[in-house]
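Presented below is the structure to which this report refers.
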Amino acid sequence: MNKVQKEITKFTCFYLPPNVNSDSMLINHKRDGSWLNSSMPRFEFMAFFILVVTQACHFVLKQFGFPLFLSQLIAGKILSEAMNHHLKFAEDGVKVLSTIATIGYAAFVFQIGVKTDLGMIRRAGKKSVCIGCFSLVAATVCGLATSRYLIKDRTRFQESFTVTVLTTSITSFPVITSFLNDLKIVNTELGRIGQSAALIGDILSMILINCTLVMRLYVDKPGKAYLVYLGSILGFLFVVVFIIRPAMNWIVRNTPTNGRVKDVYVYGVLCIFFGFTSLARWFPQYIMASYILGLAIPTGTPLGSVIVEKFDGLTSGLFMPLFVATCGMRTNFSSINKLQRGQIVKNLIVIGVTQLAKFLASFSILAFTRFPIKDGCVLAIIMCTKGFVEIATLSFLSDSGIFTNDLLRLMTIAVVIIASFTSIIVKILYDPSKRYTAYERRTIMHLSPNSNLQILTCIHVPNHISSVITLLEASGASGESPIGVHALHLIKLSGQAAPVFISHDRRKRNFSENCSYSGNVILSFTKFEANNWGAVSVDLFTAVSTPNLMYEDVCTLALDRSASLIVLPFHRRWYPDGAVESNDKTTRVLNQMVLDRAPCSVAILVDRGYKRRITSSESSITSMESAREFTQNVAMIFLGGNDDREALVYAMRMAEDPNISLTVAHLVATDDVETTSWSKVLDLELLKKAKSARHIRYVEHEVKDGPDTTIIIRSMMTRFDMFIVGRAKDLECQQTQGLGEWMEYPELGAIGDIFASSDVEEKFLVLVVQQQQLTTS
């Protein structure tokens with residue numbers, strides 16, 4: 001019997017070629033008649049099952065604040081139960097799924113490294129550094145002290161409790177970044193502090209884990225094995241820092257500006273990844289090697305963004321759900337009963353003390369620095385959250401035999417409870433929508449005469465600079481009535497995990513380093529400030545963020561700088577010949593979100609291919625006098641309401657400039673009924689001021705409906721360089737009757753939509769103004 005068994009272990013029979021593809025579900029198979037016994041359809045079925053169940057579970061659970069990885073674990077558990085009771089899969093089918101999922105997780109970790117900007121550590125403030133370091137140290141020390149107090153048989157349980165402490169005390173940068181993105185607060189001050197602290201804590205956690213493994217190996221296998229392991233770590237770091245990183249920088253330097261990296265370099269990086277991952281599997285922490293290798297790739301354009309663009313959908317959308325699901329397949333909750341009740345209680349106490357120490361350490365630092373109590377509590381809870389990285393760590397440690405499968409299941413349950421608890425509590429305590437709620441007036445209309453007008457202007461592409469500066473130069477800036485301009489250059493985040501917000505302080509030494517993001521914007525606005533010295537002050541900022549969260553940067557900066565007006569470029573641009581140059585849908589969504597959330601008044605600037613004449617910011621000293629002699633014809637279309645009054649006040653401020661010729665066109669309904677509403681009284685009072693001003697021309701036009709209004713406005717298009725109108729979103733009157741049915745751009749309102757019509761051929765600028773929407777509750 002032993003002889004026969006020995007022969008069986010030596011020889012394995014398999015088919016050549018292997019049965020990868022199934023003939024069909026309708027054709028009888030020659031071997032066993034089951035289409036799921038072929039490896040390809042079996043893998044496709046399991047992947048399909050996991051993805052469908054994950055999305056179905058997450059659709060329900062996300063309503064209650066549960067994280068996505070919980071749905072992935074549930075999908076794996078359901079598949080495991082189905083395989084045990086209904087689907088009789090061969091063992092190699094699960095091995096294929098696990099192998100692909102593990103390779104995919106290594107690729108995912110590598111991609112996280114590519115997205116991680118190590119410059120965040122250099123830019124991190126003292127608050128982030130203290131939170132990242134102190135929270136990890138406090139959690140580890142308190143956890144280890146508690147475990148030593150509870151453990152009687154230290155030779156038997158010391159190692160497993162140590163791993164429990166390390167697993168629960170580590171800070172995971174990918175998990176916290178994903179959590180902040182889900183909450184849509186990654187662009188806020190709270191989000192930036194959390195990300196910086198998480199990255200610092202993550203780096204320290206890696207160092208701590210590797211030091212622990214080196215010490216364990218030194219105790220278990222002193223001598224040659226210890227030296228080989230330590231030498232391999234140092235050798236790997238040497239190759240990454242002194243060979244791979246310089247090679248990646250060389251690729252970036254040899255890529256033309258705004259050019260695309262050659263495919264051969266991308267495939268070369270991919271080969272390096274698979275090569276190093278294969279070599280690193282000889283050592284316990286081979287996944288960490290993928291992360292370190294990713295850190296060697298320069299973040300963002302041109303190299304990092306291309307790698308992320310090529311592999312992000314596959315790794316995040318397919319490999320990660322499969323990997324987490326395979327971790328769920330290994331979790332048998334009923335087997336936890338096999339653990340002694342005392343051991344379960346002791347592990348839970350250690351986990352609880354570790355998490356409490358981490359929370360108190362983070363919160364105490366925030367409280368000491370006078371951070372808002374509620375926000376500090378939320379950030380401290382976020383620092384304690386767990387996710388897919390901890391699940392993966394537990395899985396790999398279990399494979400290494402450091403603790404039993406029963407303890408793996410207990411720890412998995414603990415991670416799920418911590419992640420779910422933190423997610424639900426944060427969403428209860430923190431409402432991001434209330435951060436921009438304004439309870440005081442920040443409008444042009446409510447500014448005192450000749451006060452400093454603070455304007456936040458947004459720039460997406462260089463073509464926006466010219467039209468924005470044209471508007472600012474027409475805004476009546478002078479020494480008696482100055483303007484503060486806050487120019488924000490918005491750049492789409494590509495190839496990195498954390499958004500970047502840069503204040504270009506020209507007094508600092510590193511000002512030239514930060515200019516690489518927004519060179520044209522900085523040069524143009526600096527020149528504009530210099531040529532209007534004493535009347536205009538300019539602050540320059542750059543925000544690198546995802547399009548769906550750019551409104552966070554805009555609204556936060558407007559709130560911090562006490563801006564009275566935000567100027568947004570319209571999403572559609574035209575060539576001088578009238579043809580459409582671009583139609584950016586993401587910019588349109590951004591404009592709509594800012595209109596709904598802004599803490600001040602907002603204006604959308606529409607450039608109909610207006611060719612700007614020589615202005616003071618672009619002219620030499622000789623030509624500046626001729627530029628100032630040029631008179632710009634501006635028309636303000638007034639119907640009535642809050643938005644129109646705000647637009648008229650801004651136009652009247654413009655008219656203080658002698659080079660601006662302002663015409664106020666008041667459109668009056670033919671059968672207008674006299675009313676005594678407060679809004680009407682305010683309209684008449686403001687119009688009275690406009691009529692009495694010598695430098696303003698006032699005209700009235702009687703209109704009977706919307707088409708009549710359109711005819712009058714179109715007749716004015718050839719006579720003016722700039723139009724100012726109110727958005728009047730909720731205004732219903734005879735002058736706009738019928739226009740709403742044909743409105744193409746609701747964000748411009750009924751009147752502004754006329755100027756953006758595709759059949760308009762004239763060249764001009766249009767400013768559509770919305771007064772601040774004040775919250776009353």
Side-chain angles (χ1 to χ4, degrees), residues 109 112-143 165-181 183 185-212 237 240-241 245 285 287-288 290-300 354-355 357-369 371 375-390 393 422 496-502 510 544:
V109 171
I112 289 175
V114 175
K115 289 181 177 181
T116 302
D117 181 13
L118 291 177
M120 289 178 60
I121 299 177
R122 178 172 49 85
R123 297 191 298 267
K126 296 180 180 179
K127 193 181 302 181
S128 299
V129 175
C130 291
I131 293 173
C133 297
F134 188 49
S135 62
L136 177 64
V137 173
T140 305
V141 171
C142 291
V165 171
L166 293 178
T167 305
T168 52
S169 63
I170 62 174
T171 304
S172 174
F173 174 73
V175 170
I176 292 180
T177 299
S178 176
F179 188 55
L180 293 171
N181 275 312
L183 295 175
I185 60 174
V186 70
N187 290 25
T188 63
E189 181 188 10
L190 188 148
R192 292 190 180 95
I193 293 174
Q195 278 196 311
S196 299
L199 180 58
I200 293 170
D202 202 358
I203 299 296
L204 291 178
S205 298
M206 285 196 299
I207 296 173
L208 178 62
I209 291 174
N210 274 287
C211 290
T212 303
L237 293 176
V240 169
V241 174
R245 178 70 178 186
Q285 291 296 311
I287 290 294
M288 198 174 293
S290 301
Y291 182 63
I292 296 173
L293 183 63
L295 292 175
I297 310 298
T299 305
T354 304
Q355 289 298 101
K358 195 176 186 68
F359 171 81
L360 293 177
S362 302
F363 181 75
S364 60
I365 293 173
L366 292 167
F368 180 76
T369 56
F371 203 71
D375 290 352
C377 182
V378 169
L379 182 54
I381 294 174
I382 291 174
M383 294 300 296
C384 296
T385 193
K386 304 297 177 186
F388 55 86
V389 171
E390 286 76 16
T393 302
T422 54
Q496 60 190 77
V500 178
F501 188 87
I502 301 173
N510 63 343
V544 185

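From a predicted model like this one, the values you see are computed outputs, not experimental measurements.
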Query raised in the report: Please walk me through it: do F363 and I381 pass side chain to side chain contact (heavy atoms under 4.5 Å, CB included)?
Result: CA-CA 9 Å; F363 181 75; I381 294 174; over 6 Å; no

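- For the residue pair T369 and K127, the shortest heavy atom distance occurs at OG1-CE, 3.6 Å.
- The heavy-atom pair separating A139 from A357 by the smallest distance is CA-CB, 4.0 Å.
- Of the possible donor and acceptor atoms, none in the side chain of T140 sits under 3.5 Å from a partner among the backbone N and O of V137.
- By the 4.5 Å heavy-atom criterion applied to side chains, P499 and V544 are not counted as neighbours.
- Judged by distance alone, the side chain of R245 and the main-chain N or O of V240 form no donor-acceptor pair under 3.5 Å.
- Formation of a donor-acceptor pair under 3.5 Å by the E390 side chain with backbone atoms of T167 is not found in this model.
- The shortest distance between side-chain heavy atoms of P174 and D202 falls below 4.5 Å.
- The shortest distance between side-chain heavy atoms of D375 and L379 does not fall below 4.5 Å.
- The minimum heavy-atom distance between T354 and G143, with the atom names listed, is OG1-CA, 3.5 Å.
- Two residues are said to be in side-chain contact when any heavy atoms from C-beta on lie closer than 4.5 Å; T385 and I176 meet this criterion.
- Expressed to the nearest 0.5 Å, how far CE of M288 lies from CG of L293 amounts to 14.0 Å.
- Atoms CG and CD1, from L295 and I203 in turn, are 6.0 Å apart once rounded to the nearest 0.5 Å.
- Under the 3.5 Å distance criterion, with hydrogens and angles disregarded, a donor-acceptor pair is assigned to the side chains of K358 and T171.
- Inter-residue side-chain proximity for V175 and K386 is flagged as unmet; no heavy-atom pair is nearer than 4.5 Å.
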**Report entry** side chain to side chain contact (heavy atoms under 4.5 Å, CB included) evaluation trace for M383 with F359
**Finding:** CA-CA 7 Å; M383 294 300 296; F359 171 81; over 6 Å; no

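- Note: N187 CG to L180 CG = 10.0 Å, rounded to the nearest 0.5 Å.
- Taking both residues in full, the closest heavy atoms of L204 and G132 are given as CD1-O, 4.4 Å, listed atom of the first, atom of the second, then distance.
- Contact check for S196 versus I121: no side-chain heavy atoms found under the 4.5 Å cut-off.
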Requested in this report: Under the side chain to side chain contact (heavy atoms under 4.5 Å, CB included) rule, what do K115 and I112 come out as? Steps first, then yes or no, please.
Outcome: CA-CA 5 Å; K115 289 181 177 181; I112 289 175; 5.7 Å; no

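- Proximity of Q195 to S128: side-chain heavy atoms (C-beta onward) are nowhere separated by under 4.5 Å.
- Atom-to-atom distance recorded for I193:CD1 and T188:OG1 is 8.5 Å, nearest 0.5 angstrom.
- The minimum heavy-atom distance linking I200 with C133 is given by the pair CG2-SG, 4.0 Å.
- When atom types are taken as modelled, the side chain of D117 and the backbone of T299 share no donor-acceptor pair closer than 3.5 angstrom.
- Taking CZ of F371 as the reference point, atom CD of E189 lies at 5.0 Å (rounded to 0.5 Å).
- Within the 4.5 Å cutoff, side-chain heavy atoms of V500 are placed close to those of I502.
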Report task. For V389 and T393, run side chain to side chain contact (heavy atoms under 4.5 Å, CB included): C-alpha distance rounded to whole Å, both residues' side-chain angles, the deciding distance at 0.1 Å, then the answer. Result -> CA-CA 6 Å; V389 171; T393 302; 4.2 Å; yes

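- Summarising the geometry, atom CD1 belonging to I382 is positioned 6.0 Å from atom CG belonging to L183; distances are rounded to the nearest 0.5 Å.
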